[in-house]
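Down below is the structure, laid out as structure tokens.
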Amino acid sequence: MTEPVQATPTPIEALADKGPLEPPRSQWKDVWDQFRKHKGAMFGGGFLLFITLAVLLGPYIWQVDAQKLDIRNKDLRPIWTALWDAGAKTAWSRPFGTDQLGRDQLAQIIQGGRTSMAVGWAAMILSLIIGTTVGVLAGFVRKADGLLMRLTDLFLSLPILPLLLVAVTLFRQPLREAFGPEGGMFVLIVGIIAITSWMPTARIVRGDILALKEREFILAARSIGTTPFRIVQRHLLPNVLSPIMVSATLGLATAIITESALSFLGVGFPSDFPTWGKMLADAVQRMQQFPERVYLPGIAISLTVLSVNYLGDGLRDALDPRIRGR
Amino acid sequence: MLTFAVRRLVLAVPTLLFISFVIFMLLQLAPGDPMAQVPLTVPPEVKEKMRQALGVGEPPLVQYWKWLVQVFWIEPKVFIDYLTNSSTLLGWLPDTQLYQNELRVISWQTRSPVMDIVIQRIPQTLWVVGMAYVVGILIALPIGIYSAYRQYSVFDQSGTFITMIGFSIPPFFTGPLLIVIFSVQLGWFPSIYDTTHVVNDWASLKFQLSQMILPVMVLALQTTAQISRYMRASMLDNLNQDYVRTARAKGLSEAVVVTVHVLRNSMIPVITVIALNVPSIFGGAIITENVFKVNGIGQLLITALFANDLPMVMTLTFIFAVLIVLFNLIADILYGLLDPRIRYD
């Protein structure tokens, strides 16, 4: 005779839950927890936020016109020069000093940062849009695949920097007439950087889409009559979001560097329009007397790019489910 | 393997033709006129003749065809003539005399053949850029190997940090920075590269090396950053493989395991990356050459661009494109040669 089974059996002790179950965790909370462990990425993200806020809100706090010529106060050294050189020309009203025309350096750095960041973000977003579109089309539409990938290969074998230089010098005049001197240059530089930098994104997205397309959930979505557009929008794009985000950070970094390089070579924005690369290029002539004019914009570029690169590193770790949780 | 190489070579031809066509059509949109510098007193019909002499004024497609003929037919003839006539290597062959004074690609700035100027400029670029690349690789490989072997050690962490910095600081900042530190403050090295310098004894060789150090350092920093990251990642992939455990279990010493077993396998992707990066180093050298006033190809391109010298720009950009396509091909072939698991057929 067996003993009658209890209605609610007492669980085996080793298998019993120690306490109440943890509340379910969302994917993005996991990502954030992993991201927080990467010190460099936290620092990079923080610095990027800081510099973005500084160039956005800076002109409202530091209300000095970056373009105002103040010839009496020209060639002021930054305020910290007074620490070791009491005789240096410094002024508290010009903490970063002034250039050879008396323009305030702090205001110029803020203004230049606005341009550099605007170009970087706009070019990055545009190149992501192009790259993702090409990648999704090539991965999803089989007929377009061969043609689009040959196009990508072709773009990859173009010499980028020489072509950038050629294109900027050629199209400067007509675009300036159409959009004004600053607007035309902005459109030109953003467009050219985007057109020459979308290829890696397209390749990554295509590869991921090709693999995802054969999975069961896409088949299920197709079987209930989802239109191809909705499949791409609801099922494919969210799944390729993480490689897109990582290549977005890389794109931002290269866009900022490319813009500065063009300004440095003298084919960037007009001369009275400060950007970091342009400030650096103008200062190289007199870097023996005024090395800070090279350091300040140079450090601004380098720190921004460094923080973006660290941010990308952290994002890659955080968004990869195989690394996450280790 | 051979069929693959041949197929890729054949495929490279239309790619290059298309690229050259795109660049040519881009340049056709350029607003400049080569006759802009000619004095106004020159009568228009003479100007028209000068234009004809430069090959301008015909329909773009005809001009493109002529450019193709000049680059792919006439320039090789000149080159072969040079080889058999005055070079030491093949000078013993009879003079071929293929070149019969046809029109070569003429620069609008100097009115001399573009290729002659390019040949003059290449040694400077190769000295600086090539040396920088070699130095960068020689530094990068040990760093990458050791930081992978001691993953997460202090050396690895600082190595990663330094490579991150190398990635992030653009050459147009490191260049002036090094000039301020080493040639202004310390006065060790010259800040401007003297291209006319001739090496004929020990003192001049020393000077040549000292003027090369700064540009080489700038370029090598970038190479080191990239290659050491690839090396580290590739070593990490291999260090956890089963064959490494087997090698250790056989009782092989750590040095043999790392340098013979792991390193040889990890070098496969790194070598292709090294080959792939050669053209981009040429592109990056444009900025470095500009900073240090090195009289090389990059500087030639910049000055030609500003002077609106379209044949020069066209030819130089095309040379860069050829380099990219060529090294892509070399990388693919090397990959197949080095890794027996990869079969192209």
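Residue numbers start from 1 in every chain, and the chains themselves are labelled A, B, ... in the order their sequence lines are given, proteins ahead of strands. FYI, side chains are in, hydrogens and waters are out, and symmetry mates aren't considered; it's all heavy atoms of this structure.
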Quick one, A:Ser260 and B:Pro170 - any side-chain contact, counting heavy atoms below 4.5 Å? no
Are side-chain heavy atoms of A:Ile301 and B:Phe173 found at a separation under 4.5 Å? no
Is it the case that atom CH2 in B:Trp67 sees more than 12 heavy atoms from other parts of the structure closer than 6.0 Å? yes
Return yes when atom OH of B:Tyr230 has more than 12 non-hydrogen atoms of other residues, nucleotides or ligands closer than 6.0 Å, and no otherwise. no
Residue, of B:Val325, B:Asn328, B:Ile324, that accumulates the most heavy atom pairs under 4.5 Å with chain A: B:Ile324
Kindly indicate, with the supporting measurements, whether the criterion side-chain contact (heavy atoms from CB on, under 4.5 Å) is fulfilled by B:Phe167 and A:Val305. CA-CA 9 Å; B:Phe167 259 134; A:Val305 174; over 6 Å; no
Applying a strict 4.5 Å limit to non-hydrogen atoms, the region of B:Val22 in contact with chain A is neither
Part of B:Leu301 lying under 4.5 Å from any heavy atom of chain A: side chain
Side-chain contact, heavy-atom cut-off 4.5 Å: A:Leu163 with B:Phe320? no
B:Ile165 vs A:Leu306, test: side-chain contact (heavy atoms from CB on, under 4.5 Å). Steps then yes/no. CA-CA 7 Å; B:Ile165 289 181; A:Leu306 186 67; 4.2 Å; yes
Could you grab the distance from atom CG of A:Leu165 to atom CG of B:Leu316, nearest 0.5 Å is fine? 11.5 Å
Most chain B-contacting option - heavy-atom pairs closer than 4.5 Å, from A:Gly298, A:Ala281, A:Gly277: A:Gly298
Carefully, step by step, assess A:Val294 and B:Leu177 under the rule side-chain contact (heavy atoms from CB on, under 4.5 Å). CA-CA 8 Å; A:Val294 176; B:Leu177 199 69; 5.9 Å; no
So with a 6.0 Å cut-off around CZ of B:Phe72, is the heavy-atom count from everything else above 12? yes
Tell me, side chain or backbone of A:Ile256 under 4.5 Å from chain B's heavy atoms, or both, or neither? neither
Give the C-alpha distance, both sets of side-chain angles, the deciding distance and a yes or no for side-chain contact (heavy atoms from CB on, under 4.5 Å) between B:Phe161 and A:Tyr310. CA-CA 10 Å; B:Phe161 182 67; A:Tyr310 261 117; 3.3 Å; yes
State, yes or no, whether a side-chain contact exists between A:Leu154 and B:Thr15 at a heavy-atom distance under 4.5 Å. yes
Measure A:Ala253 against the heavy atoms of chain B and call it side chain, backbone, both or neither at under 4.5 Å. neither
Any idea which heavy atoms bring A:Ile257 and B:Ser168 closest together, and the distance? CD1-O, 3.7 Å
Taking CZ in B:Phe18 as the centre, count heavy atoms belonging to other residues, nucleotides or ligands within less than 6.0 Å. Is the count above 12? no
Answer yes or no: is there an ion pair linking A:Asp153 with B:Arg8, defined by an N-O contact shorter than 4.0 Å? no
